[in-house]
Each structure stands twice: as C-alpha cells, then as structure tokens.
Amino acid sequence: MKKLFLSILTALYFLNGMAQLKTGDITIIPEPVLLSPMPGSFVLNEKAEIHYSGQAAGKVAGFLNDFLQRNYNFKLPANGYAKLPRVTAHSVIQLVEASAGNPEGYILEVNTGRVYLQGDSYGLFNGLQTLLQLFPLNKQTAIHLPGVKIQDYPRFAYRGMMLDVGRHFFPPAAVKQFIDMMVLYKFNRFHWHLTEDQGWRIEIKKYPRLQEIASIRKETIVGHHRRSTTYDSKPYGGYYTQEEVRDIVKYAAERNITIIPEIEMPGHSQAVLAAYPQFGNTGGPYEVRTTWGISKDVLNPVNDSVFTFLQDVLTEVMALFPSQYIHIGGDECLKDRWKESADVQRLIKKLGLKDEHDLQSYFIQRMEKFVNSKGRTIIGWDEILEGGLAPNATVMSWRGEEGGIAAAKQKHDVIMTPNTYLYFDYTQGQPATEPLNAAAYLPLKTVYKYEPLPASLTPAERKYIKGVQGNIWTEFIPDQPMLDYMVWPRALALSEIAWSQPGKKNYRRFMQKLPMELGRLNTAGVNFRIPEPLGLESKVVTTPSVTVTLKPPVKGSFIYYTTDGSQPGTRSTPYAKPFALAVPDNGSAVVQCIVVLPSGRISPLYSATYVRKPYLPALPVQAGKKGVRFSLVNTAPANARQLPATGDSSGVLPAIDIRPLSLKNAGVTFTGYVKIPADDLYEFHLNSDDGAVFYVDDQIVVDNDGQHDLVDKSGFLPLKKGLHRIKVQYFNVGTGAWLDAGIYRDREKLNPAEVLYIGQ
Ligand code: ACM
C-alpha cells in the first residue's frame with residue numbers, strides 16, 4: 001500500500017513537473033544543456049544568507065546583492081568560507097568556486113531551503129544569470145525561486161556582438177548598458193567597431209588631429225542614402241578618451257566580457273584622411289564622410305608613414321585592450337584610387353604582385369607581422385581572404401558564410417557573422433510598419449534558424465568555427481532606444497545559437513519562452529521590438545468561419561484588434577479569448593491588431609490574412625536557368641502597367657532588383673518563374689518609388705502602380721508546390737528610384753537565389 005501510495009506521489013510529482021515545463025514556469029534563455037524541475041521552491045527574503053567559497057564566488061555574491069538591492073531594496077549577509085558549512089539555517093545560497101567540467105559551465109540546484117551554484121569563475125557568473133531568470137517578473141510579490149536542477153555549458157567559446165560607434169557615437173554609459181544586456185544572455189565578446197569613414201572614435205595621443213578633426217563630421221545625410229539628397233546641417237561627433245576606454249574595458253572584464261577593438265584599414269578611412277590628408281592617394285582635401293555607404297578614398301600603401309601611423313595607433317590600442325584578438329577591419333576597400341595611381345601600380349610591380357587584391361593582402365600581412373610581434377592575433381573581415389590570407393589571421397565571415405567556409409578549409413579560425421542571418425541593422429518586419437533601416441529583411445524566425453557549422457565542412461574543418469556574432473551597424477541607429485529596438489529580441493535568438501546545444505534549439509519553445517523574457521526587459525525599460533502576437537499567422541482556410549487564437553508576445557501586455565479593416569487602437573476590441581472570424585467564399589478576411597505593453601508602449605500595426613480561395617496549380621514548364629529576365633525601357637511611361645512587352649534592352653539578373661540597372665526616367669519588366677516549395681499561402685510584396693505591379697500566373701496580386709513616393713503594398717495567394725509564372729512591372733520618374741519585391745511564406749522571405757528561374 002505504502003509503495004503504491006509512493007508511486008502515485010511520484011507520478012503526481014512527475015506530472016506536476018511536466019506541467020511546470022509545459023506552462024513554461026522555468027524559461028531560461030539561452031536554453032541550458034539539462035534542466036529538470038524539482039519539487040518545492042526557495043523562498044528568498046531578507047532572512048536568507050549567502051555562503052561562498054572562492055574569490056570569484058565572492059564576486060558573484062556581490063553581483064547578486066547588487067541585483068537584490070537594485071530590484072528589492074535589500075542585501076543578504078554574505079560570508080566567505082574555505083569550506084562551506086552544512087546547511088542548517090533555512091534559506092542559504094551557496095556559491096562554490098569549483099569546476100563544473102567546463103570553464104564557462106555551471107551546476108545550479110534550487111530546492112526548499114537551499115540554492116547551490118557551482119562553477120569556475122566564468123561558470124559561476126553564467127550560472128548567476130540563469131539564477132536571475134528564476135526570479136518572478138512581478139517585483140511586488142514574494143520571491144519564490146522554483147525548484148530546479150540545471151547543468152549547463154556553452155556550445156561556442158566565442159559568443160559576440162559588434163557595435164559600430166563610427167556612424168553614430170554611443171556615450172560610455174550606453175556602451176556599458178549594452179554590455180550589461182550582453183551579460184544577461186551569456187555573451188562573452190564585445191567587438192567595438194571604433195573607426196569609420198564617418199568618424200574616428202578613440203583617442204590616440206600621438207595623433208591629436210584624430211580627435212580634433214576625424215571625430216567630427218560637418219553634417220549627416222537625412223533618410224536613406226540611396227534615396228535622399230538632404231543633409232541636416234548639424235555637426236556630429238564624439239570620441240572615447242583613453243581614460244573612458246580603460247574604464248569600459250575594466251567594466252566589461254569584471255563581467256567576463258572581452259572587448260575586441262577594431263581599427264579599420266585600409267578602407268573605411270576617410271575620417272583619417274580628413275585629419276591626415278598625406279595618408280591618401282590624391283592628397284585631398286578630404287572631409288569626414290557625411291553620407292552612408294563607403295568611400296573610394298582609402299589609405300595609400302605607397303606611403304610608409306601610413307604603416308608607421310597604423311603601428312603607432314595599434315600600439316596605443318594594444319596598451320588599452322588586453323584582448324588576444326585585434327581586429328584590423330579589411331572589408332570593402334574600394335580599389336579605384338589604387339588603380340588610378342601610377343605610384344601604386346609601380347609598387348604592385350616592384351613587389352611582384354598580381355593586382356590590387358594582392359596589394360591589400362600585402363597590406364594586411366604587413367600589419368599582421370606587427371600585431372604578431374606584440375604577441376597578439378589579427379582578426380579581419382572576410383575580404384582578407386582575397387589575394388591570400390595572412391598566415392595567422394582569424395576570419396570574420398560577413399558576406400554570407402562563404403568566407404568562413406573558405407577560411408576553415410584553409411585551416412584558419414573563423415567567427416561566423418553572416419549578413420544573411422546576423423545583421424541586426426536589417427529590418428525585422430515590413431517597411432510600412434518598421435523604422436528606417438538598412439532595408440534587407442531579417443525577422444526573428446530567420447535569425448533563430450541559423451546553424452553556424454556549415455554542412456559543407458568536414459567535422460575536422462568545423463572545428464575552426466570558433467563562434468558567432470551579431471553585428472549592429474548604426475547608419476540608421478542614432479540612439480540607445482533605436483539600438484535596443486534593433487537588437488532585441490533578435491539577440492535572444494542569437495544567444496541560443498551561440499550557447500545552446502543544437503538538440504536543445506527549438507523555435508516553438510523559444511517563442512513560448514519569449515513573453516516572460518520580454519516581460520523582464522519591459523520592466524527593465526529596454527525598448528525592444530514588440531513581436532507579433534503568437535498565433536497571428538496568415539493562412540489558407542477551407543471553412544466559412546475560423547477560430548483565431550492569439551497570445552500576447554510580452555507577459556502582461558494587451559492585444560487590441562479589428563476585423564473590419566479599420567485601424568486598431570486602444571479603444572478597439574481587447575483580445576480576451578479565441579474568436580470566430582468569417583471568411584467569405586473565394587475571398588479573404590484580415591485581423592489587424594496592436595500590442596500594448598504594461599509600460600504603455602504600443603507596437604506597430606500587425607495583421608494576418610485568412611484566404612479562402614482554391615490553390616493555383618503549378619505550371620507544367622521547365623525551370624531553366626536560375627534568375628529572372630528583365631526588359632528595360634529608356635523612357636518612363638505614365639504607369640507601370642503601360643510598359644511594352646519588349647524593351648530597349650534585356651538580359652538576366654539573379655533577382656528582381658533594379659540596382660544593377662541604374663534606372664532614371666525609365667521602366668523595367670521582370671519575368672520568370674518562382675519555384676514554390678510547398679502548398680501554402682504566399683505573400684507578395686512591393687515597396688516602390690514610383691509604381692510597380694506584381695503578377696502571378698497572369699493575375700495581378702499587388703497593385704502599387706502610379707506615380708508616387710515610397711509606398712508599401714502586399715497581396716496573398718494560395719499556391720501549389722511547383723513553378724508559377726511571375727511578372728513585375730516597375731517605372732520611375734525623377735529621383736529616388738526604389739524597388740523592393742519579395743515573396744514571403746509565414747513571414748520568411750524566399751531566397752531569390754533558390755527560387756527564381758527564367759524558364760524555358
Ligand atoms: C561589413 O559589413 N562591411 C563587414
């Protein structure tokens with residue numbers, strides 16, 4: 001009987017444990033290696049004590065007390081011991097500096113009366129971040145930490161985020177806050193992009209004109225540089241003094257974050273040339289760049305004082321940053337000036353080099369020798385592969401994964417930062433509802449999917465992939481609120497890519513954990529992008545009525561919606577429970593909503609379209625080659641629809657993209673086929689200036705025609721798997737030519753390189 005009773009208890013406990021996980025009580029981001037809910041909970045109040053052993057454990061006790069003081073206005077007595085006493089008193093938090101099997105790993109156990117955290121220095125610190133996620137969201141309630149047993153360690157040793165402070169300057173306090181946020185999700189490398197065409201941001205004592213001249217631009221372009229010709233007439237500048245740098249480096253080190261400084265060379269250096277025109281090819285005069293994009297004016301390798309300058313700069317930089325890695329940039333060095341210069345061409349000959357790419361490689365290798373001579377290692381963007389890799393260089397792969405794959409095959413270490421997944425300056429949603437941004441599309445779901453170890457590498461080659469990093473370029477990120485908006489929650493997805501074991505990565509579960517974590521960030525005042533409500537998904541329906549079930553994307557937030565096409569506001573229907581939506585036969589219905597946070601902040605407008613139409617069948621055609629045909633007309637029609645079937649010139653492009661065509665007062669028609677991957681609802685999108693029309697299987701799906709500024713429109717169609725005919729007509733008059741045409745499935749963009757074909 002007793003046995004039966006016990007097993008019922010065990011079963012009940014087990015079920016309870018399952019329920020706990022299901023309801024998502026314990027939601028740790030990034031997901032740990034092993035997590036088992038345990039019975040009971042630890043009541044944390046002022047009567048609890050901290051017992052610690054080891055210096056690092058004492059430090060972690062200090063951080064825990066800082067957290068309690070900040071959030072609950074009390075601290076716990078913290079006592080250090082060579083050997084911890086047995087727990088007799090109620091409520092003891094034990095912090096033990098002892099290996100948990102991995103230098104960054106930890107063991108955390110919470111039960112009634114005891115919290116136990118064990119790890120080496122870094123491990124304890126990581127464990128503390130997990131412990132903090134066990135605290136209740138509501139700070140007014142008693143602190144019950146749920147019973148749990150966690151064993152955890154990271155997948156990658158390098159877990160980074162890069163911040164560009166060249167395009168916009170972020171004051172020391174903002175940099176520290178950025179570091180504080182990184183800490184919460186177990187990042188350990190802060191890549192500080194300190195120099196740009198648009199501004200030099202670090203004090204170098206030997207070259208005062210860097211501070212006086214290179215750190216200030218006279219004005220800044222307003223809006224997107226590809227469309228705008230307006231400037232703000234306001235000087236913009238800022239730099240970090242060496243004292244401030246030292247303070248930030250120390251602040252980061254105390255939080256187990258290594259700062260990797262980046263000094264760009266030989267490109268991205270127009271600000272340097274403004275201060276020291278003798279380092280350029282033309283002699284100047286130069287100004288600190290006032291628009292975005294990259295400069296043709298780069299450092300001149302013929303001038304030996306350029307190398308002396310860079311060595312002097314790096315000497316001061318290395319004195320400030322203990323990091324093993326020193327980032328020397330190396331990306332996007334336009335070769336125009338080198339091609340134009342007789343001196344440079346003579347140097348190429350004299351050195352026995354093939355071309356300007358070889359010369360860039362010579363430049364980087366020369367700097368590598370210097371950095372290596374100081375006991376440090378260079379890291380550079382993937383262009384440093386061109387013309388031959390410097391012997392000991394680590395490669396940061398940004399133009400997709402190809403550079404990283406090539407470097408790993410050459411047995412060089414790699415950090416993966418592909419713009420196809422990890423550029424957080426790209427937009428998280430559609431242009432109509434998102435702030436001005438770099439314009440490529442990278443929603444949370446796409447980021448989460450990223451797998452850093454390419455399938456094309458052998459297991460031995462994969463070992464060279466040391467980690468991952470999210471990059472935040474700040475052309476369109478002028479301040480801290482916008483920085484928060486672009487980084488979070490995508491950096492939460494990155495934390496699971498970087499830390500969690502591949503088998504523990506699960507997008508659905510991540511999305512279930514997100515409301516709680518965003519609830520915390522809301523309380524902390526972080527201006528993250530509010531995600532779409534869970535369940536707000538466009539789909540094909542087959543019945544006259546569907547049930548719409550939504551879940552707030554942030555704990556404590558409210559959803560207000562409309563179904564009549566009107567703009568929702570806080571006076572619209574608040575979402576309380578699943579509701580029925582009528583969808584007309586051969587038609588569609590739309591739910592539009594906003595999310596309002598407990599702080600009062602309101603999301604952009606989000607919507608889902610429910611389409612009740614038959615699927616269009618695939619066409620019985622051959623795919624032919626990749627790409628789309630274009631037909632260009634050199635005079636602008638009154639609207640896109642009037643474009644003639646044949647134009648003045650034609651060809652094939654990899655995507656529906658007007659950039660290679662340099663259009664002005666002209667029109668273009670793109671034709672081809674899209675290979676639809678599965679029977680589903682597809683969204684067709686046109687963001688254009690001026691008009692554009694999207695046809696699928698000869699019917700108009702988006703009509704964005706007419707003469708107008710940038711306008712964003714979309715339409716939906718249910719399509720069967722296979723090939724479907726597409727046509728996009730576009731025209732432009734005057735300035736500001738812009739076309740962004742995309743095909744989406746479940747908010748993810750189909751990759752043109754994979755789905756577009758010219759047909760036969
Ligand atoms: C880069 O995005 N130019 C590294």
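One-based numbering, in listed order, for ligands and for the atoms of each.
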(message) Which residue and atom name correspond to the protein heavy atom nearest atom 3 (N) of ligand 1, and how close is it?
(response) Asp331 OD2, 2.6 Å

(request) Flag the pair Glu748 and Lys449 as a salt bridge only when some basic side-chain nitrogen lies within less than 4.0 angstrom of an acidic carboxylate oxygen. (result) yes

(message) As an exercise, identify every atom of ligand 1 less than 4.0 angstrom from a heavy atom of Tyr423.
(response) 1 (C), 2 (O), 4 (C)

(message) Can you tell me which residue among Ile477, Asp425, Thr427, Leu442 is in a side-chain contact (heavy atoms from CB on, under 4.5 Å) with Asn437?
(response) Thr427

(message) Between ligand 1 and Trp381, is the shortest N or O to N or O distance under 3.5 Å?
(response) no

(request) Please check if the side chain of Arg201 supplies one atom and the backbone of Ser215 the other of a donor-acceptor pair under 3.5 Å. (result) yes

(message) For Phe178 and Phe190, take the angle between the two ring planes, folded into 0 to 90°, and tell me which bin it lands in: parallel under 30, tilted 30 to 60, perpendicular over 60.
(response) tilted

